[in-house]
Participant: 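Pasting a structure here, questions to come.
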Amino acid sequence: MKRLAHKSLSAETKDLAGVDCVVLPLRQTDGAVLTARVKPGQSVARGEPVAGDPASGAARLHSPLSGEVVRLTSIVDQDGGSVLAVEIRGTADAPATTLDPMNGEPDKLSPEALRLRLLEAGVCPLGGNGANARYASLALADTPPDILLVLCTDEEPLVQTQEQVLQEMPEKVIEGATLFQRACGARRLLFAVAEDRKSLVSGETLLVDARYPSALPEILMARATGSYRLDAPRPRPDVLLINAETAAAARQAVRKGMPVLSKLLTVGLDDGQPTLVRAPLGTPLSRVMSQAGLAAQDGDRVFTGGPLRGRAQFDLERPVTKGTDGLFLQKSGKVFRYDDAACIGCGACVKICPMKIPVNMMTRNCEYGRIEEAERYDLASCIECGLCAHVCTAHRPLLQYILFAKKEKQKAEQKAERIEA
Amino acid sequence: MKQNLLTVSAPPFWHSGAGIARGAYLAMAALVPAAAAGVLHYGIGAVAVLCLSVATCMLTEALMQRVLGRPVTIRDGSAALTGLLLGMLLPAGAPWWLVVVGAVSAIVVGKQIYGGLGSHPHNATLIGWIMIRISSALHIDPDVSLLDLSGLTGLSPLAAIRGGYVDQVTLSDVMMGNVVGTIGSASLLVLAGGAVLALLRVIKWEVSIGFLVGGLLGFLLLGSRILPEGVEASISPLVLLFTGPFMLGAFFLATDAPSSPAQPVAMWIYGAGAGFLSVLIQVFGNYYDAGVPFGILLVSLTCPLLDKIRPKALGKE
């Protein structure tokens, strides 16, 4: 059986050169929907903001190319909805327009100024499996959290992005984390780091096991604070979670005035040695794949994020966003097909569930949209790690059932709100 | 530009490799040594019973699924495993019609009428076995059906013990299946195969250990009561544990996935309860040879209740 452990790899980061067209969706990873500040035909410089409003708490989005805005277009986002995007043609060779560097010790800088700078430079949660609310948004942190937790390891097996950032620039991660702490006002700074990388960080650490799901945000936040608080709004008010890449980006934003223009991705076959590629934001996934020597055929599966809770892609012209940590190709022969089968009661899911949920009973109810019954079997405790489906003897798509039930619940709640209003 | 048609699905994109077929074929492989011992000991009749039982189960499953309009899944090995287990519970001299009736009952009444694999509340093998045990007690009794097999003398161990002939039963004989009994009498080989399955986590090992603990406890407390009154002898609980289908029960019958609990604590209680009840029936019951089947079947009725014993989920305030 396949072991689900994180394997460290030492590889060099390759820059993706020659990108001449990018598409920038106008939604940040923290969920903020932006308004375009550019018009078709307008010329933009590399590093010039195209959207975002730091004054109202929305991080900016910058053009990674020097060129011309081709058009505003609507693209399908990863959850099947649509989102407006800016298409830019140009070159990435030009030097970037930067902001003024901010010097001085972190505690001499004003938190407000730091926070504004981070938003101006487009620092919002990087990585973390795409757009989700697991990572904190700086914009939402109105009250200072107790802890700033910096994830210096990757959530899932295969993905190496965060470890690579820590490996390449530990000082920048530490300095960035300190600046971030100053900006958000957190009392404690905690680095979640793998045992063998512990020497790279200084300060308080939280050791992370290589075995999945030890590095999942919900589990780390619970370890840091002593409670899951799954009923509290997300992101959690008491602990702010960012990752190594976000910290490093914060450092570049403050000290160099450098906006976020690119994203580091782990790219590869899902059963091979991955490579690390730094791609301009908005680069089509197909472009990143060809750089890594990958070509998808009919029937293959391409997914962003990790193998346990990533997202399968149907269109390789979709862009790299600030949330894309991994990009993997699974050949059609390796594609595992889940079945519309009955539960045989083997109990494997119950045993492996890190949240001690009676998964067998819960998912039977989820499957048929019986939300109340599913909640009686602790649907609310599920952190969507995907282990239950991974071990299911009957090959039931358990995580799909769970996500379906959560979506149905959300829809029902929204409907109830509308009726009330 | 040509767009590739990619496979799209919800995560996860990896699977551990566990599967119904893997479990069933591993379980059958684990039964091979014990079945081979049965064949060596009882001769060609054992081959006939095992083959007929497996074939009938698979054929019945395919027919039922065809008739009921369900996908035909005999390739997953679960019907074949049911057949093999049923065969192991029968004596080599069982008449063909007995095997066929048992196998058809197991698949039809034990499994398919509930909706197929996963939906049945009982162990299908045991349903089939109990049907023929109750309706045709003589033909299923090794002491009767093996009479015409030359070279086998004496009583089946359980009958001998109940008659007070304790010295006829030795531990090595019951372990290796060197007795008048069912095809799966080589208990030590069953135990070995089962232990491998438990180590591979193919079966619910909690149930197996619980069953053995419950059984051992029962025999320690009540084992001597199995002897007729007035007999001055003692019987080792270990001999009783290796007698009859106790090991088959512990590793292959009680661990049946759909008819056993899914919660770890419930598995222990279920296993120990089934083991203990098997002892009670074997010691005090009229159907003393059916202690294990009845014990497991009755306790598996409580599984939905037992599964309510579960830990509090994390993150619940």
Side-chain angles (χ1 to χ4, degrees), chain A residues 1-2 4 218 222 228-231 270 296-303 305 307-316 328 330 332 335-338 341-348 350-351 354-358 360-361 378 380-381 383 386-387 389-395 397 399-400 403, chain B residues 1-24 70-71 73 76 78 114-121 200-207 255-264 266-267 303-304 307-317:
Chain A
M1 289 202 200
K2 209 173 246 177
L4 289 179
E218 298 293 356
Y228 275 94
R229 293 197 56 187
L230 293 170
D231 53 348
D270 83 319
Q297 311 284 324
D298 281 352
D300 291 354
R301 182 151 57 191
V302 173
F303 57 90
L308 282 131
R309 42 192 223 170
R311 289 279 187 275
Q313 301 295 331
F314 54 89
D315 179 7
L316 298 184
F328 298 97
Q330 189 174 44
S332 58
V335 168
F336 182 83
R337 281 171 210 279
Y338 289 88
C343 171
I344 62 157
C346 70
V350 175
K351 241 180 234 178
M355 302 301 284
K356 300 186 182 172
I357 298 170
N360 56 337
M361 299 309 290
D378 305 323
S381 287
I383 59 169
L387 278 174
H390 178 259
V391 300
C392 181
T393 306
H395 302 170
L399 183 56
Q400 184 176 351
L403 295 173
Chain B
M1 196 181 118
K2 185 189 163 282
Q3 282 271 7
N4 284 118
L5 287 173
L6 299 170
T7 304
V8 181
S9 71
F13 308 122
W14 280 356
H15 192 272
S16 66
I20 295 168
R22 179 178 183 269
R70 297 191 188 121
T73 58
D76 70 12
S78 78
Y114 292 105
L117 184 64
S119 309
H120 49 102
L200 288 174
R201 300 285 187 270
V202 171
I203 54 169
K204 298 173 179 175
W205 59 271
E206 295 93 336
V207 170
T255 54
D256 177 48
S259 58
S260 56
Q263 292 290 343
M267 287 184 207
C303 286
D307 260 343
K308 289 195 182 294
I309 307 170
R310 58 181 170 99
K312 192 176 153 186
L314 299 184
K316 240 171 132 179
E317 307 306 325

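Chain letters run A, B, ... following the sequence lines, proteins first and then strands; every chain starts at 1.
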Participant: Contact between M267(B) and V350(A) at the side-chain level, heavy atoms closer than 4.5 Å - yes or no?
Facilitator: no
Participant: Go through the atoms of V391(A) and report whether side chain, backbone, both or neither lie under 4.5 Å from a heavy atom of chain B.
Facilitator: both
Participant: With a 4.5 angstrom heavy-atom cut-off, could you sort out which part of F328(A) is near chain B: side chain, backbone, both or neither?
Facilitator: neither
Participant: Side chain from CB out, backbone as N, CA, C, O: work out which of these in P264(B) comes under 4.5 Å of a heavy atom of chain A, or both, or neither.
Facilitator: side chain
Participant: Under 4.5 Å, counting heavy-atom pairs only, tell me which of D256(B), T73(B), L117(B), T7(B) racks up the most with chain A.
Facilitator: T7(B)
Participant: With a 4.5 Å cut-off on side-chain heavy atoms, are K316(B) and D378(A) touching?
Facilitator: yes
Participant: With chain B, which of A342(A), P358(A), G347(A) has the greatest number of heavy-atom pairs at distances under 4.5 Å?
Facilitator: P358(A)
Participant: What part of C346(A) is in contact with chain B, defined as an atom under 4.5 angstrom from a non-hydrogen atom: side chain, backbone, both or neither?
Facilitator: both
Participant: Can N4(B) and D300(A) be said to form a side-chain contact (heavy atoms from CB on, under 4.5 Å), step by step?
Facilitator: CA-CA 9 Å; N4(B) 284 118; D300(A) 291 354; over 6 Å; no
Participant: Starting from the C-alpha separation in whole Å, work towards a yes-or-no answer on side-chain contact (heavy atoms from CB on, under 4.5 Å) for Y338(A) and Q400(A).
Facilitator: CA-CA 10 Å; Y338(A) 289 88; Q400(A) 184 176 351; 6.0 Å; no
Participant: How close do Y114(B) and S119(B) get, counting heavy atoms only, and between which atoms?
Facilitator: O-CB, 3.3 Å
Participant: For the pair H390(A) and H15(B), name the ring-plane relationship: parallel under 30°, tilted 30 to 60°, perpendicular over 60°.
Facilitator: tilted
Participant: Given a strict heavy-atom distance threshold of 4.5 Å, which part of P397(A) is in contact with chain B: side chain, backbone, both, or neither?
Facilitator: neither
Participant: Give the member of Q313(A), K356(A), R337(A) that has the highest number of heavy-atom pairs under 4.5 Å with chain B.
Facilitator: K356(A)
Participant: Does the side chain of L230(A) come within less than 4.5 Å of I383(A)'s, by heavy atoms?
Facilitator: yes
Participant: Which pair of heavy atoms, one from C303(B) and one from P261(B), lies closest together, and at what distance?
Facilitator: SG-CD, 3.5 Å
Participant: Between S381(A), A394(A), G386(A), A348(A), which has the largest tally of heavy atom pairs under 4.5 Å with chain B?
Facilitator: S381(A)
Participant: Contact part of A380(A) toward chain B, heavy-atom cut-off under 4.5 Å: side chain, backbone, both or neither?
Facilitator: neither
Participant: In terms of heavy-atom pairs under 4.5 Å with chain A, which of G118(B), G19(B), P258(B) leads?
Facilitator: G19(B)
